[in-house]
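Okay, so here's the structure we're looking at.
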There are 2 protein chains.
Amino acid sequence: MDTSPHANAKSPGRRPKVRLSDVAAAAGVSVPLASRILNRDPAARATEATRTRVLEAAAELGYVPNVAAKSLRLRRNGLIGLVVHDLSSPIHLELMRGARAEAAAHAHFLVLGDVDELLQDDTSFRTFVSGNRVDGLIVQGGHGGFDERIADIAQALPTVIVNAPSRVARDRVTSVFPDEPGGTRLLTEHLLALGHTRIGLVSGPRDSTTGMLREEGFSSALADAGLSLREEDRVHTDWSSAGGRAAMIELAARWQGSADRPTAVIAGNSLIGVGILGAAPGCGLSVPTDLSVAAVHDTWISEHLVPPLTTVSLPLYEMGALAVRQLLADSPGGTEILVDDPRPQLHPRASTAAAPAR
Amino acid sequence: MDTSPHANAKSPGRRPKVRLSDVAAAAGVSVPLASRILNRDPAARATEATRTRVLEAAAELGYVPNVAAKSLRLRRNGLIGLVVHDLSSPIHLELMRGARAEAAAHAHFLVLGDVDELLQDDTSFRTFVSGNRVDGLIVQGGHGGFDERIADIAQALPTVIVNAPSRVARDRVTSVFPDEPGGTRLLTEHLLALGHTRIGLVSGPRDSTTGMLREEGFSSALADAGLSLREEDRVHTDWSSAGGRAAMIELAARWQGSADRPTAVIAGNSLIGVGILGAAPGCGLSVPTDLSVAAVHDTWISEHLVPPLTTVSLPLYEMGALAVRQLLADSPGGTEILVDDPRPQLHPRASTAAAPAR
DNA sequence: CTGAAAGCGCTTACAG
DNA sequence: CTGAAAGCGCTTACAG
């Protein structure tokens, strides 16, 4: 009778999997005791000799617990679903990096999901949410009209909304978000200090919570300076460079032939900022001579643009990490957590300069 | 006795999980039969009435199989590890998007890993590789000196290397990669057609397989035109915009005061291209008047740069999708697969122009 | 303190 | 063709 670890080899070319029972046998103890020792169960008070025998056997055999068996037993699997809206945005990437690193630090892993798929495709929704596929969900918020659905999910699965405070009042949803108004305020104050008195805003989609919060910071900073945003100086667009480009062209058309126009513009995010910067020359506007441009979110590209883009950085990486920590702490839902370490920070660069004399 | 689905509710606020036995009971059949019907086992030839009763019960109860139980039984879990080197690169993002979408189409999910962590941290390595955490691994290749380790992994777990052909001759490693030489050749021919006869190359790190392949395409296109790369016209740097910036500064210093210099430069990837474009003005070089710049990989940003960057696009999204397909097909290892649909495509933009007259 | 037993929720040979 | 039984690899009350 072959009960050696090699007896259960499946594919010929593959190394055989070592089970807990193999470790227990090698150490001459029962399976439960091996389990307790390996899991540092304080109740297991075996002699030091036994303990090391088990530990050494495990190390020698290269034992790694079977996660499926553990999951079935423990009803959790060490997996966190990270569900974002647009995988190609450098902004979500930072969030993802922070979440991944934090998860790894706690021996957890991230499973990638897509917001639209999750909300529209029922199969995807159900495997994620009811199939025990993941222990919890981090969902990118800030997009309009899907809050009820999230509340639904949260009823079945610990859920954290990142990127925007949740508008759902239900118990189980925690949200984690940066100081959006504060960040935009920093940008606005920077432009005001440079002498700009009329500042445009290229905001995100109309139904975006994030966009609204940024506009709030913008408006309140203007108000503090005795100014206010004129309706005709604001454009809504989507969160992309193509959107930023279209917005710049739209604004330039409005300004056609009028000397009375904004001398600076704030981009709702840095993708939009890139689009504005790219479109300005074609509109006959030189940045920063004719127009100062500043954007929310500092990404790897900001400093390499021509001219380098003034931005405010928000703690995206930390937000991802904190979302994971919240989920693992299984904290009571309903909390709204402002990620404020580090604080929003201004990165003044050549895309902003003193307002031209009037 | 309460055997209703609600009997197994755990957390009071959460919806109870429905088990297969609940479905079977509701449909009045045995658990095995319910399993067979739900899994479309052709051997199960129940009456149509029974079949629909089971299907309807499952739908009504909102049954979703417990993945942990399935995994334990079937020895696979529908998870694929995607292990990349730098999560923040827009290039890997495309790969990731393709892989995620393809995986989702086959009811699989992606678990995020980090190459450095996988190779250096033994715990991470072992949970991924021997802990049955994932069914297979997609690892980003092209970085020097870790091929033996990958071969090691592949012995335990189906593995596909993306991004570069594997230099490991072992049986089990399949690699999937785009036509790197072909792409760079397209870029080179474009510059040659514009009249450039001396072209510089800002390549990636010295030990990068990918970089070497691109240089091959570059050199062979030059050779076809009766030209060749001069040693002093090549700079190695890392795959980043900061690297590109440093390289541009280095080249400009070499060219100082000499009329005899390259009139065009090819960037090993588009991040490097961004850095070159950003650094050129500071070096007293106007693009494309003084210097044409072209780069490998077309990303969202290329067309929004000032000037828009000429690039060649490689099928990164498709490469990700194909890697997943390879893994799921459990095809025999050792194959090298060129992803050539779509073919590398030139995107001529304003960063390249006719060579200045000599 | 440790071991034997039960059980997590499935699937699949094996009988009937 | 269908059901009863076994078992995937763990952990944890429960006995001893």
Side-chain angles (χ1 to χ4, degrees), chain A residues 3 5 7-11 16-51 53-54 58 61-78 127 130-133 135, chain B residues 3 5 7-11 16-51 53-54 58 61-78 127 130-133 135:
Chain A
T3 54
N8 71 333
K10 290 293 181 216
S11 355
K17 298 277 189 254
V18 178
R19 294 152 307 175
L20 182 55
S21 57
D22 298 319
V23 175
V29 299
S30 72
V31 169
L33 184 54
S35 167
R36 286 176 180 126
I37 290 175
L38 257 19
N39 290 318
R40 290 173 186 69
D41 182 340
R45 305 198 42 75
T47 66
E48 205 48 50
T50 311
R51 189 192 259 2
R53 233 177 30 250
V54 170
L61 295 175
Y63 171 67
V64 180
N66 179 309
V67 297
K70 280 188 99 120
S71 303
L72 182 56
R73 197 48 242 253
L74 302 175
R75 330 188 75 81
R76 52 191 164 70
N77 53 24
T127 20
S130 4
N132 275 83
R133 175 54 88 193
D135 293 341
Chain B
T3 54
N8 71 332
K10 291 291 181 217
S11 356
K17 298 278 190 252
V18 178
R19 294 152 306 176
L20 181 55
S21 57
D22 299 319
V23 175
V29 299
S30 72
V31 169
L33 184 53
S35 167
R36 287 175 180 125
I37 289 174
L38 256 20
N39 290 317
R40 291 173 187 69
D41 182 341
R45 304 199 41 74
T47 66
E48 205 49 49
T50 311
R51 189 191 260 2
R53 230 175 34 247
V54 170
L61 296 175
Y63 171 67
V64 180
N66 179 309
V67 297
K70 281 188 99 120
S71 303
L72 182 56
R73 199 47 243 252
L74 301 176
R75 331 188 74 80
R76 51 189 166 70
N77 54 23
T127 20
S130 2
N132 273 85
R133 177 51 89 193
D135 294 340

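Model, not experiment: these values are computed from the prediction. Labels below follow one simple rule: chain letters A, B, ... track the order of the sequence lines, proteins then strands, and each chain is numbered from 1.
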Protein proximity profile, nucleotides 11-16 of chain C - base contact B, sugar-phosphate-only contact S, no contact -, cut-off 4.0 Å on heavy atoms: BBB---

Can you name the residues that form a side-chain contact (heavy atoms from CB on, under 4.5 Å) with [X], not counting sequence neighbours?
X: B/Ala26; result: B/Ala57, B/Leu61
X: A/Ala68; result: A/Asn66, B/Ser71, B/Leu72
X: B/Arg73; result: none
X: A/Val31; result: A/Leu20, A/Ser21, A/Ala24

From [atom1] of [X] over to [atom2] of [N], roughly how many Å is that when rounded to an integer?
X: A/Asp22; N: D/dG9; atom1: CG; atom2: P; result: 9 Å
X: A/Ile37; N: C/dC1; atom1: CD1; atom2: P; result: 12 Å
X: A/Arg19; N: D/dG9; atom1: CZ; atom2: C1'; result: 9 Å
X: B/Leu72; N: C/dG7; atom1: CG; atom2: P; result: 17 Å

pair A/Asn77-A/Val67: side-chain heavy atoms closer than 4.5 Å: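 A/Asn77 does not reach A/Val67 side chain to side chain.
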
Nearest heavy-atom neighbours spanning [X] and [Y]:
X: A/Arg76; Y: A/Asp135; result: CA-OD1, 3.2 Å
X: B/Arg53; Y: B/Val29; result: NH2-CG1, 4.1 Å
X: A/Tyr63; Y: A/Val18; result: CD1-O, 3.3 Å

Pairing annotation in dot-bracket form, given for DNA chain C with Watson-Crick or G-U pairs under 3.5 Å and | for cross-strand partners: |||.||||||||.|||

